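Along the sequence shown, residues are numbered consecutively beginning with 1. Computed over heavy atoms, backbone and side chain alike; hydrogens, waters and symmetry mates excluded. Everything numeric in this text was worked out from a predicted model, so none of it was measured.
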Amino acid sequence: MIRSPELMNREDTALLVVDVQEKLLPWIRNWHLVVWNIRRLLDGAKLLGMPTAGTEQYPQGLGPTVPELAERLGPMPSKLTFSAAVCEEIFAGLRAQNRHKILVTGIETHVCVQQTVLDLLSDGWQVYVAVDAVGSRYELDYRTALERMHSAGATLTTTEAALFEWCQQAGTAEFKQISQLAKEPPPAESGLRSDRP
């Protein structure tokens with residue numbers, strides 16, 4: 001049976017983390033879960049030998065990427081535009097590795113993530129968005145952005161679905177490690193901004 005071209009796999013897919021920075025993150029709904037899911041995706045990608053990349057929006061003002069993710073990503077380009085598509089070195093490098101699918105994560109869903117996704121779609125990428133690994137301050141912005149990206153051609157998925165899609169089959173040592181990532185309990189704190197305006 002021929003595998004569906006709609007499925008991601010370790011040979012053709014990369015992971016992008018957009019602007020998960022210290023000063024903005026506390027304002028994001030359920031930010032603990034967003035960071036947890038991105039970290040699991042980064043760990044899964046490393047385990048399966050998949051390329052990962054991250055970006056930072058005006059780090060002088062918004063601070064660096066949170067340490068838990070930064071230590072897994074390494075050096076990242078900074079940008080002033082909301083879309084990460086301007087970071088051409090990332091995407092040229094991925095194309096050189098014959099990657100044409102990209103799973104996008106990060107914040108905020110309706111600003112930097114959405115503009116990145118729309119630009120990548122326009123540039124010919126097959127784009128996926130992990131809905132539990134992106135976040136916004138407000139639910140309406142989050143939901144509307146997901147609808148807009150989906151209607152433009154992005155495929156919506158989840159962290160666990162992506163991990164097992166990349167892995168593709170059970171019965172391997174990698175599968176056991178991916179299963180452990182999937183079984184991790186979520187962080188205790190919900191990250192809801194009950195104390196924020």
Side-chain angles (χ1 to χ4, degrees), residues 1-21 34 37-38 40-59 65 69 72-136 141-168 178:
M1 181 179 292
I2 298 172
R3 189 162 168 84
S4 168
E6 296 301 317
L7 292 167
M8 295 179 284
N9 63 68
R10 70 178 80 184
E11 290 84 20
D12 64 11
T13 306
L15 173 65
L16 179 65
V17 180
V18 178
D19 307 347
V20 186
Q21 292 162 253
V34 171
N37 282 319
I38 294 172
R40 293 193 299 154
L41 286 166
L42 285 167
D43 288 350
K46 180 179 180 182
L47 174 66
L48 296 169
M50 297 169 58
T52 62
T55 63
E56 293 181 332
Q57 174 75 18
Y58 185 57
T65 298
L69 304 182
R72 290 168 166 83
L73 285 164
M76 287 170 271
S78 62
K79 60 188 179 65
L80 290 176
T81 62
F82 297 121
S83 174
V86 299
C87 301
E88 295 177 3
E89 65 273 27
I90 290 175
F91 305 104
L94 294 176
R95 280 201 167 105
Q97 298 177 52
N98 294 316
R99 306 283 164 168
H100 63 276
K101 297 176 183 175
I102 191 158
L103 178 66
V104 181
T105 65
I107 60 176
E108 285 190 74
T109 314
H110 64 296
V111 185
C112 296
V113 170
Q114 178 174 259
Q115 292 187 35
T116 299
V117 166
L118 295 177
D119 279 345
L120 290 175
L121 287 167
S122 180
D123 194 39
W125 291 85
Q126 194 167 347
V127 183
Y128 300 77
V129 178
V131 299
D132 53 355
V134 295
S136 294
D141 290 324
Y142 168 80
R143 292 289 174 197
T144 303
L146 291 181
E147 290 177 13
R148 185 175 178 192
M149 290 185 285
H150 184 252
S151 70
T155 300
L156 304 184
T157 189
T158 64
T159 295
E160 186 169 325
L163 288 170
F164 285 115
E165 201 166 312
W166 295 345
C167 186
Q168 193 171 342
I178 293 292

Would you say [atom1] of [X] has more than 12 non-hydrogen atoms from neighbouring residues, nucleotides or ligands within 6.0 angstrom?
X	atom1	value
His150	NE2	no
Phe164	CZ	yes
Arg148	CZ	no

Quick one: closest heavy-atom pair of [X] and [Y], and the distance?
X	Y	value
Leu16	Phe91	CD2-CZ, 4.0 Å
Leu41	Ala162	CD2-CB, 4.0 Å
Thr105	Ala130	CG2-CB, 4.2 Å
Asn9	Met50	O-CE, 4.4 Å
Glu6	Tyr128	O-OH, 2.7 Å
Ala145	Thr109	CB-O, 3.6 Å

Calculate, to the nearest 0.5 Å, the distance between atoms [atom1] and [atom2] belonging to [X] and [Y] respectively.
X	Y	atom1	atom2	value
Ile178	Leu163	CD1	CG	5.0 Å
His110	Glu147	NE2	CD	14.5 Å
Thr144	Met149	OG1	CE	10.5 Å
Asp12	Ile102	CG	CD1	11.5 Å
Met76	Ile90	CE	CD1	9.5 Å
Gln97	Thr13	CD	OG1	12.0 Å

Passing option when Val20 is tested against Ile38, Leu73, Thr55 for side chain to side chain contact (heavy atoms under 4.5 Å, CB included):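 When Ile38, Leu73, Thr55 are each tested with Val20, the side chain to side chain contact (heavy atoms under 4.5 Å, CB included) holds only for Ile38.
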
side-chain hydrogen bond (donor to acceptor under 3.5 Å, both in side chains) partner of Thr65, the single match among Arg72, Glu56, Gln21: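 Between Thr65 and the candidates, side-chain hydrogen bond (donor to acceptor under 3.5 Å, both in side chains) is satisfied uniquely by Glu56.
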
Residues Val18, Val134; criterion side-chain contact (heavy atoms from CB on, under 4.5 Å); working and verdict: CA-CA 9 Å; Val18 178; Val134 295; over 6 Å; no

Thr52 vs Val17 side-chain heavy atoms within contact, under 4.5 Å: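 With C-beta onward as the side chain, the pair stays apart.
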
Side chain proximity check, Trp125 to Leu94, heavy atoms < 4.5 angstrom: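 Sidechains of Leu94 and Trp125: in contact.
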
Evaluation steps, side-chain contact (heavy atoms from CB on, under 4.5 Å), between Asp141 and Glu108: CA-CA 9 Å; Asp141 290 324; Glu108 285 190 74; 5.7 Å; no

Test side-chain contact (heavy atoms from CB on, under 4.5 Å) applied to Val131 and Thr158, step by step: CA-CA 6 Å; Val131 299; Thr158 64; 4.1 Å; yes

Asp123 and Arg95 ion-paired at < 4.0 Å: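 Answer for the salt bridge query: yes.
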
Within residues 73-93 or reaching into it, pairs that qualify as side-chain hydrogen bond (donor to acceptor under 3.5 Å, both in side chains) - sequence neighbours excluded: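 Qualifying pairs, neighbours excluded: Asp19-Lys79, Gln57-Lys79, Ser83-Asp119.
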
Glu165 side-chain N/O to Thr157 backbone N/O, donor-acceptor pair under 3.5 Å: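 The answer is no, because no donor-acceptor pair under 3.5 Å joins these two groups.
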
